[in-house]
Amino acid sequence: MAARLRDWHRDSGRHDLPWQRQGPYATWVSEIMLQQTQVAVVIPYYLRFMESFPSVTALAEAPQDQVLAHWAGLGYYARARNLHQAAQQIVSLFDGEIPQSLDSLMTLKGIGRSTAGAIRSLGWGLRGVIQDGNVRRVLARLHAIAGDLQTSSQQHVLWELAEYYTPALGEHAATHTQAMMDLGATVCKRTHPRCSDCPFHADCQAHQQGLTDYLPTPKKVKKRPSVEWFVLGLRDINNRIWCYPQA
DNA sequence: TAAGCGTGGTT
DNA sequence: TAACCAAGCTT
């Protein structure tokens with residue numbers, strides 16, 4: 001599976017985003033900005049930020065209001081405060097070098113399991129596992145998993161699947177991580193997925209069962225006065241059946 | 001465990 | 001056009 005994904009990525013992946021192949025600092029800054037924020041929105045903010053704060057040290061030494069000024073309009077401003085604090089953590093506790101271990105990365109403000117995995121793989125070229133919206137959607141469809149993907153039981157399974165599909169070789173780390181996100185962003189899209197272009201369409205449970213339009217299931221079902229409920233027999237990881245409203 | 005965080009894009 | 005969502009994390 002991983003080898004097929006790499007072949008797809010070589011020909012059809014995104015290779016020209018400004019934070020790619022620029023080292024762990026660029027990966028870190030971009031990953032924080034990209035949390036719950038779309039790529040096209042981030043790009044101009046990212047370019048201005050890196051121009052003003054080109055290194056961990058430069059960021060750590062900058063006054064906080066200057067850092068926040070670069071974030072104005074991006075939203076989730078705690079990300080900027082945490083990013084600034086984490087840069088100071090790196091200077092004081094890690095000799096100014098972004099750490100490589102998952103545990104060390106996760107001690108830094110604003111870095112959780114997924115961002116730590118992204119920094120390991122995309123930034124350092126080490127094996128790292130991520131779990132963003134793209135990966136969740138790809139895995140939920142591949143294994144036909146219905147229900148709220150954020151609950152702990154579903155998260156547990158999704159992380160195990162993400163671990164399973166991630167190759168052991170660090171040599172392929174960055175490519176695999178980028179490829180999973182690119183597949184979700186450009187092929188396995190929430191609406192109108194391009195299944196015929198997907199390297200996994202023959203293995204995908206959702207595609208095989210004609211469920212791509214119903215997976216992943218929406219967080220909340222839109223409230224409408226009268227809904228004809230149509231049971232599709234979608235099941236979550238606990239084998240609970242989920243229904244979907246038909247218009 | 002669930003709520004809160006922000007703005008902008010898409011359906 | 002209101003709902004839903006976007007490279008999640010913290011408390």
Side-chain angles (χ1 to χ4, degrees), chain A residues 9 13-22 24 26-46 49 68-86 89 102 105-123 128-140 147-156 158-159 162 166 173-193 213-225 227 238 244-245 247:
Chain A
H9 176 262
R14 296 176 291 185
H15 302 277
D16 298 308
L17 296 170
W19 43 80
Q20 291 179 326
R21 297 174 300 280
Q22 303 297 313
T27 302
W28 174 36
V29 172
S30 68
E31 284 300 323
I32 300 300
M33 286 188 170
L34 286 161
Q35 288 171 4
Q36 304 291 288
T37 311
Q38 297 184 24
V39 169
V41 174
V42 163
I43 289 175
Y45 285 89
Y46 170 82
F49 194 95
L68 286 173
H70 282 71
W71 215 271
L74 246 196
Y76 284 145
Y77 299 100
R79 292 184 297 175
R81 293 191 295 272
N82 287 335
L83 186 66
H84 189 215
Q85 286 183 46
Q89 284 181 279
L102 199 64
L105 284 166
M106 288 180 66
T107 65
L108 299 172
K109 303 279 284 183
I111 297 182
R113 184 172 174 183
S114 184
T115 300
I119 294 171
R120 272 180 61 83
S121 56
L122 301 173
V129 184
I130 62 162
Q131 176 83 215
D132 69 344
N134 291 309
V135 173
R136 274 195 295 277
R137 186 170 54 258
V138 169
L139 294 177
D148 183 354
L149 301 181
Q150 307 278 14
T151 66
S152 62
S153 58
Q154 302 259 92
Q155 276 287 300
H156 179 76
L158 288 168
W159 273 110
T166 301
T175 301
H176 180 83
T177 294
Q178 189 63 49
M180 284 295 284
M181 292 192 289
D182 288 354
L183 188 69
T186 67
V187 171
C188 195
K189 299 180 292 181
R190 189 175 61 82
T191 57
H192 309 304
D213 287 348
Y214 305 102
L215 294 173
T217 45
K219 276 191 187 12
K220 295 177 195 168
V221 173
K222 200 187 305 183
K223 286 201 172 177
R224 281 180 294 190
V227 174
N238 295 315
Y244 200 85

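The basis for the numbers below is simple: all heavy atoms, side chains too, and nothing from hydrogens, waters or symmetry mates. To find a chain, count down the sequence lines: A is the first, B the second, and so on, and within it residues start at 1.
- Straight-line distance from the CZ atom of R190(A) to the P atom of dA6(C): 7 Å, rounded to whole Å.
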Measure all distances between protein nitrogen or oxygen atoms and nitrogen or oxygen atoms of nucleotides 7-11 of chain C, and list the pairs falling under 3.5 Å.
from, atom 1, to, atom 2, distance (Å)
dA7(C), OP1, N134(A), OD1, 3.3
dA7(C), OP1, N134(A), ND2, 3.0
dA7(C), O5', N134(A), ND2, 3.4
dA7(C), O4', D132(A), OD2, 2.8
dA7(C), N7, E31(A), OE2, 3.1
dA7(C), N6, W19(A), NE1, 2.8
dA7(C), N1, R14(A), NH2, 3.1
dG8(C), OP1, G133(A), N, 3.1
dG8(C), OP2, Q36(A), N, 2.8
dG8(C), OP2, Q36(A), NE2, 3.1
dG8(C), O3', T115(A), OG1, 3.4
dC9(C), OP1, G112(A), N, 3.0
dC9(C), OP1, G112(A), O, 3.4
dC9(C), OP1, T115(A), N, 2.9
dC9(C), OP1, T115(A), OG1, 2.7
dT10(C), OP1, G110(A), N, 2.9

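- Rounded to whole Å, the separation between the P atoms of dT10(B) and dA7(C) comes to 13 Å.
- Sequence order on DNA chain B of the closest nucleotides to S152(A) and G75(A) puts S152(A) first from the 5' end.
- The nearest heavy atom of DNA chain B to V41(A) and to L74(A) marks one nucleotide each, and the one closer to the 5' end goes with L74(A).
- At distances below 3.5 Å, at least one donor-acceptor pair connects side-chain atoms of S114(A) with backbone N or O atoms of Q131(A).
- Distance CG/L17(A) to CD/Q22(A): 11.0 Å, rounded to 0.5 Å.
- By the 4.5 Å heavy-atom criterion applied to side chains, V39(A) and L34(A) are counted as neighbours.
- With a heavy-atom cut-off of 4.0 Å to chain A, the contacted part of DNA chain B has its first and last nucleotide at dT1(B) to dT11(B).
- Take R113(A) and apply the side chain to side chain contact (heavy atoms under 4.5 Å, CB included) test, not counting sequence neighbours, and it matches M106(A), W159(A), E163(A).
- Note: H84(A) NE2 to Q89(A) CD = 12.0 Å, rounded to the nearest 0.5 Å.
- Formation of a donor-acceptor pair under 3.5 Å by the R136(A) side chain with backbone atoms of L149(A) is not found in this model.
- Centroid-to-centroid, the aromatic rings of H9(A) and H15(A) come within less than 6.0 Å.
- From R137(A), atom CZ reaches atom CG of L183(A) across 9.5 Å, with rounding to the nearest 0.5 Å.
- A78(A) comes within contact range of the sugar-phosphate backbone alone, with a heavy-atom separation under 4.0 Å but no base atom that close.
- Rounded to whole Å, the C1' atom of dC4(C) lies 15 Å from the corresponding atom of dG6(B).
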